[in-house]
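The structure appears below as structure tokens.
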2 protein chains.
Amino acid sequence: VIRITVRPRRPPEPAYEIRIGRGLVPRISVDLRRRRLASRYVIVTDSHLQRQGDGLLAAFRRRGLAADLIAFPAGEESKSRRVRDELEDGIIRLGAGRDTALVALGGGVVGDLTGFVAATFTRGIPYVQVPTTLIGMVDAAIGGKTGINHPAGKNLIGAFHHPVAVYADVDHLRTLPERHFNSGMAEVIKCGAIADRGLFEFLEGHAARVARRDPETMARLIEACCRIKARVVGADPREASRRKILNFGHTIGHALEVLTGFRLAHGEAVAIGMAVEARLAARAGLLAEGAAERVAALPPLFGLPVALPPGIDPQAVLEVARRDKKTRAGRIACALPLRIGAMASRGGDYGIPVDDALVLEALREARAARPRPRRLIAPAGL
Amino acid sequence: VIRITVRPRRPPEPAYEIRIGRGLVPRISVDLRRRRLASRYVIVTDSHLQRQGDGLLAAFRRRGLAADLIAFPAGEESKSRRVRDELEDGIIRLGAGRDTALVALGGGVVGDLTGFVAATFTRGIPYVQVPTTLIGMVDAAIGGKTGINHPAGKNLIGAFHHPVAVYADVDHLRTLPERHFNSGMAEVIKCGAIADRGLFEFLEGHAARVARRDPETMARLIEACCRIKARVVGADPREASRRKILNFGHTIGHALEVLTGFRLAHGEAVAIGMAVEARLAARAGLLAEGAAERVAALPPLFGLPVALPPGIDPQAVLEVARRDKKTRAGRIACALPLRIGAMASRGGDYGIPVDDALVLEALREARAARPRPRRLIAPAGL
């Protein structure tokens, strides 16, 4: 038998910039024209953002950029094979080739879907993220995760593909529905809890200013989150385990999303998940009791729940979480805080295996949790 | 405006081994069991290889590996969205997750389709290539190109995703239809012409031994080709232009495939393309006349054409080639030999721009080309 070893080398992924501020959208076309990323552009957006999409398209064309627009129906249902295929057909009909770049104007659905089409069109073309939601600005624009849903699971079909630029214009936040805005704040709280004590303490003291969506404040919060995520994503691949800290609140949170049939918004589920996992960290002897209570006290200041939704059984949560990919040798592995702003690791691994009994205790405590959310959010009210 | 630079780092792509020899297939399950690549396997094959697939499946199960088999209809038509979706549904129904690896048993269609499904299932799972055709052994198993066709173009939807192992069992070649075998030989000739003078001269002297498909000889030929491709694919990314040498014969060849509605086999089109592009290199003052004639004389020894198919107009070939992605500033860029076994570059670029007039001359010469192929292959006879 002849053996040949192949050592594939791929070019390093290019660095890209996230810009955060007010009035950015009108400047995108100027910036892209200067950078000559592509010889033509297709702006992709959803039906709720058709007006903003038309505005962006007009700006591109005024600057002499060859550009077109495709809008698909708004909603998570569009993260589907059908809409993916339609989007591919659409850009092909518009004459797209390797010299084309996509521009994703919208929230997570637009970003994930557009990014995935960009990842697999002629084995990869560039795309630009223009997030219009808080969660998109702090979360979806970094990490390169793209994909669509399958009836058997969310994001089951996807690829890693980083954008070539991100424009986070905080002016978009003014018109964001309150529940959506609050859901995004759960990711901001998470960033503080896992890696930035100063951010966490700022949130404890300035809930009212955040509720007003003060643009300066929002830009600073988004910046803090992006810096944390950029650091984690840009870390040495040998430290890949550090990425797991981004899962804080997500092991329990994801199980709650499943058990409520996704009637909880993602951020609501993560808020409850953080409260439960912080108490779990306390019971595991990692986090001080007082710090766990501070983690559980913060989400309600931003209209987010921390108690298990009525009718949700702790045992059922445990079982769904066990079925999740994050189990290690039968025990659930969670990202757990050591103190506010720092996560625990064992032997370099940030996925800490925990006993079922402790998980159940923390879940039972969340069933009777006080303080209640400032405003009650009905899980069925989406 | 706040600016944050993100420097994504992805882990280096793991090295993998190509094994070439006789009687390899029965040993695959032993090898995979030892390597613990995955906790379950799905073998993917086509309807023509159902029997071999069943044999491989039985071997996996005898070794205690959790394995299943999916077979789709043989033929290029299966490189489609529909079959891709069915394959995804199939592996999901079988319980596939991140811990699953796919095993592609078949020719280029099986490899490209299976590789693409592996590239995008949960953002990438491992896959193993078991090529059963000559072209698959020398070509498709290296380079990581995966994908499906779209009505608007071949491989329009795809991704780069390298296999974790390749098993090239030359026993598969015994039953390969002659036209398919010959088509694969075009890639072997190309490898000699672009990078291995010794290989080229071996082919000039041993056509009969190759026609008998002597296993030792075939293993050596496949090894030589794989070493060349592994070197090019593994080259420093800053030398990415060197990959273009693999395009020798393909600029003209691809135009001929399009103009004949893909009735020419890929290798047949490439054989004609190599003869034309070698003469073009001679006219451009790069390659000696005698060497160009040797390149044009070799394919007919392996039942491959070197003359333009009847009714194909040189001007039409030129126009289709110009529309191709490989044009530079309006001029066609080709990979051209400098001598047998070495390709020309200009300023580090292996895509050499050539004048239309020279291309037309070389094409006209191919219209009246002598010697004729040893055996006439009717383009419509697929």
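All chains are named by letter (A, B, ...) in the order of the sequence lines, taking the proteins before the strands, and each is independently numbered beginning at 1.
The contact between A/Arg81 and chain B is made entirely by side chain atoms (from C-beta outward), counting heavy-atom distances below 4.5 Å. With a 4.5 Å cut-off on non-hydrogen atoms, A/Ala219 touches chain B through its backbone and its side chain both. The part of A/Ile92 that comes within reach of chain B is its side chain, from C-beta onward, which places non-hydrogen atoms under 4.5 angstrom from that chain. Proximity to chain B (any heavy atom under 4.5 Å) is shown, for A/His161, by neither the backbone nor the side chain. With a 4.5 angstrom heavy-atom cutoff, A/Arg93 does not touch chain B via any of its atoms.
Using a 4.5 Å heavy-atom cutoff, the side chains of B/Thr122 and A/Leu156 are in contact.
For chain B, the option among A/His162, A/Arg27, A/Arg22 with the highest count of heavy-atom pairs below 4.5 Å is A/His162. When each of B/Ile4, B/Val1, B/Ile18, B/Val170 is checked for heavy-atom pairs under 4.5 Å with chain A, B/Ile4 comes out on top. For chain B, the option among A/Leu24, A/Ile222, A/Asp89, A/Thr146 with the highest count of heavy-atom pairs below 4.5 Å is A/Asp89. Ranking B/Asn155, B/Ile157, B/Asp99, B/Val117 against chain A, the residue ahead of the rest is B/Ile157, based on heavy-atom pairs under 4.5 Å.
Within a 6.0 Å sphere centred on CD of B/Glu216, other residues, nucleotides and ligands contribute 12 heavy atoms or fewer. The number of heavy atoms from other shown groups lying within 6.0 Å of CZ (A/Arg36) does not exceed 12.
The distance from the CZ atom of A/Arg82 to the CG atom of B/Asp85 is 12.5 Å, given to the nearest 0.5 Å. Atom-to-atom distance recorded for B/Thr5:OG1 and A/Tyr16:OH is 10.5 Å, nearest 0.5 angstrom. The CD1 atom of A/Ile2 sits 4.0 Å away from the CZ atom of B/Arg220 when rounded to the nearest 0.5 Å.
Summarising the geometry of A/Arg7 relative to B/Ala15, their closest heavy-atom pair is NH1-CB, 3.7 Å, with the distance given to 0.1 Å. Contact detail for B/Arg227 and A/Arg3: the closest heavy-atom pair is NH2-O, 3.7 Å.
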